[in-house]
There are 2 protein chains.
Amino acid sequence: MKKAEATRLTILEKAFELIYMQGYQTTSIDDIIATTKVTKGAFYYHFKNKDEMGLSIINDLLKPTLAGSFIGPLQTDADPLTAIYNLMHNLLMENEFLKVEYGCPAANLTHEMTSWNADFNKALNELTRQWIDAMIDLIERGKTDGLIRKDVNARQATMFVMSGYWGIRNFGKLERSKEVYLPYLNELKNYLETLR
Amino acid sequence: MKKAEATRLTILEKAFELIYMQGYQTTSIDDIIATTKVTKGAFYYHFKNKDEMGLSIINDLLKPTLAGSFIGPLQTDADPLTAIYNLMHNLLMENEFLKVEYGCPAANLTHEMTSWNADFNKALNELTRQWIDAMIDLIERGKTDGLIRKDVNARQATMFVMSGYWGIRNFGKLERSKEVYLPYLNELKNYLETLR
DNA sequence: GCAAAAACATACTACTTAGTATGTTTTTGC
DNA sequence: GCAAAAACATACTAAGTAGTATGTTTTTGC
């Protein structure tokens with residue numbers, strides 16, 4: 001049962017790419033099987049329907065990625081505020097999988113799917129909650145270490161930073177250039193310094 | 001030519017509502033003519049195709065609204081930082097047309113349309129640029145009035161605040177409750193105070 | 001009051017969509 | 001090696017989609 005798992009994975013990976021570029025609703029199953037060169041029979045053998053595949057993309061692809069690229073850098077012994085800034089700078093300016101014109105995959109799916117599918121909503125909620133909690137933990141650690149002011153509200157500050165990230169990703173889609181990221185990053189640095 | 005203009009306007013208004021709730025791609029023309037009780041012949045008399053109607057929504061409906069609810073409050077003689085906070089608080093917590101579960105119309109359209117339609121991109125770019133410029137002007141005025149520090153970069157600060165707004169609107173769609181707005185607004189207030 | 005244009009109405013088309021029915025091939029356990 | 005199940009392939013369906021063709025009604029200018 002090795003090859004079967006491989007086709008399932010290629011479906012997920014190629015479908016994710018298409019959805020990341022085109023959106024979920026506008027990516028058809030015919031589209032997916034055309035680029036994967038997998039037949040419709042194979043597709044529906046692995047997934048009950050389109051939505052089940054979509055959920056698998058979130059749970060089987062995005063969640064592991066989140067743990068690696070988004071949460072890992074927050075679980076560090078380094079200076080918390082520097083770690084947060086570096087994470088954002090890395091995600092926005094250096095990450096090779098995220099393209100400025102396509103924005104943030106999780107934010108895109110949230111925008112498109114929350115009204116339609118409760119399961120998507122739940123999965124995306126779990127996904128973001130993990131990231132949020134990781135940042136909250138880091139800020140709390142910074143407070144106990146004396147690197148962040150005690151009167152800083154960790155959840156508040158986290159929501160503020162995360163909102164900025166999702167928002168600037170959307171501005172990136174609009175401008176189609178990483179240039180817009182720069183003023184955001186500069187001011188993020190200014191803001192983070194005020195938390196010391 | 002009064003009644004004709006009225007039908008055109010009802011099409012735009014009802015279509016906007018549907019698109020705001022459901023998204024652009026997933027709102028069909030049959031959907032629109034069903035809720036407006038306008039026939040397909042009437043629809044295609046007023047609009048060449050679906051995209052032309054979409055553009056008219058941005059240019060004929062959203063732009064005037066933006067001027068009123070979004071830009072007007074920034075053209076004030078009051079304290080700039082208080083004005084910015086009050087605007088955001090009003091938009092997020094009090095505005096009766098914007099629903100937490102549907103997010104920000106302009107942000108939604110940006111998410112959905114930028115990759116597909118260059119005209120949409122241009123129209124949305126103009127729309128947001130107007131709002132951005134208004135906030136930049138207000139911050140600059142605050143600097144000359146001595147209400148904001150001279151070393152504050154107006155464009156940077158504006159992009160930071162606007163990103164946060166678009167981002168928290170998306171978190172609202174995810175959580176489906178204005179509760180998420182509160183930590184954001186609190187921290188926004190903290191941030192704005194650091195600009196004095 | 002009446003022709004012409006504007007405004008609207010109805011029936012249809014060509015295409016795309018998610019999903020199914022019914023196959024064939026490949027792998028697996030014994 | 002071979003039956004049974006897993007994995008894949010092909011052809012189809014029913015419902016929806018944007019848009020068109022061809023009307024009829026209403027408004028407008030004179």
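Proteins get letters first, then strands, A, B, ... in listed order; numbering begins at 1 in each. These numbers come from the heavy atoms of this one structure, side chains and all, not from hydrogens, waters or symmetry mates.
The distance from atom CD1 of B:I11 to atom P of C:dA9 is 10 Å, rounded to the nearest whole Å. Residue A:F47 contributes atom CZ, which lies 11 Å from atom P of D:dC8 at whole-angstrom precision. The distance from atom CZ of A:R8 to atom C1' of D:dC8 is 16 Å, rounded to the nearest whole Å. When rounded to the nearest whole Å, the span between CG of B:D30 and C1' of C:dT17 equals 15 Å. In this structure, NZ of A:K50 is placed 16 Å from P of C:dT16, rounded to the nearest angstrom. Atom-to-atom, CG of A:D31 to C1' of C:dC15 comes out at 15 Å; the value is rounded to the nearest Å. The distance between atom NZ of B:K40 and atom P of D:dG16, rounded to the nearest whole Å, is 13 Å. Distance, B:I32 CD1 to D:dG19 P: 11 Å, rounded to whole Å.
Side-chain contact annotation: A:N190 with A:E187, donor-acceptor N/O pair under 3.5 Å present. Neither side chain, A:N153 nor B:N186, offers a donor N or O lying under 3.5 Å from an acceptor on the other.
Within 6.0 Å of NZ in A:K37 there are 12 or fewer heavy atoms belonging to other residues, nucleotides or ligands.
Across all strands, A:T27 comes closer than 4.0 Å only to sugar-phosphate atoms, never to a base (heavy-atom distances). No engagement by B:F43 is indicated, since no non-hydrogen atom pair under 4.0 Å with the nucleic acid exists.
Remark: D:dG29 base-pairs with C:dC2. Criterion, Watson-Crick or G-U wobble with two distances under 3.5 Å. When both distances must be under 3.5 Å, the Watson-Crick or G-U wobble mate of D:dT10 is C:dA21. With a 3.5 Å ceiling on both atom-pair distances, the Watson-Crick or G-U wobble partner of D:dT17 is C:dA14.
Listed nucleotides: C:dA9, D:dA18, C:dT27. Nearest to the side chain of B:I29: D:dA18. In this structure, of D:dG19, C:dC8, D:dA9, it is D:dG19 that holds the atom nearest to the side chain of B:N49. Nearest nucleotide to the side chain of A:T7, out of D:dC8, D:dT20, C:dA18: D:dC8. Of all nucleotides listed (C:dA18, D:dG19, C:dC8), C:dA18 comes nearest to the side chain of A:Y44.
At least one side-chain nitrogen or oxygen of B:S28 sits closer than 4.0 Å to the OP1 or OP2 atom of D:dT17. Close to D:dC8, at under 4.0 Å from its OP1 or OP2, lies a side-chain N or O of A:H46.
A chain of hydrophobic side-chain contacts below 4.5 Å, direct or via other Ile, Leu, Val, Met, Phe, Trp or Tyr residues, connects A:M93 to A:V180.
Ring to ring, A:Y24 and A:W116 are not that close: their centroids are 6.0 angstrom or more apart.
Nucleotides of DNA chain C nearest to A:G41 and A:T26 differ in position, and the one nearer the 5' end is that of A:T26.
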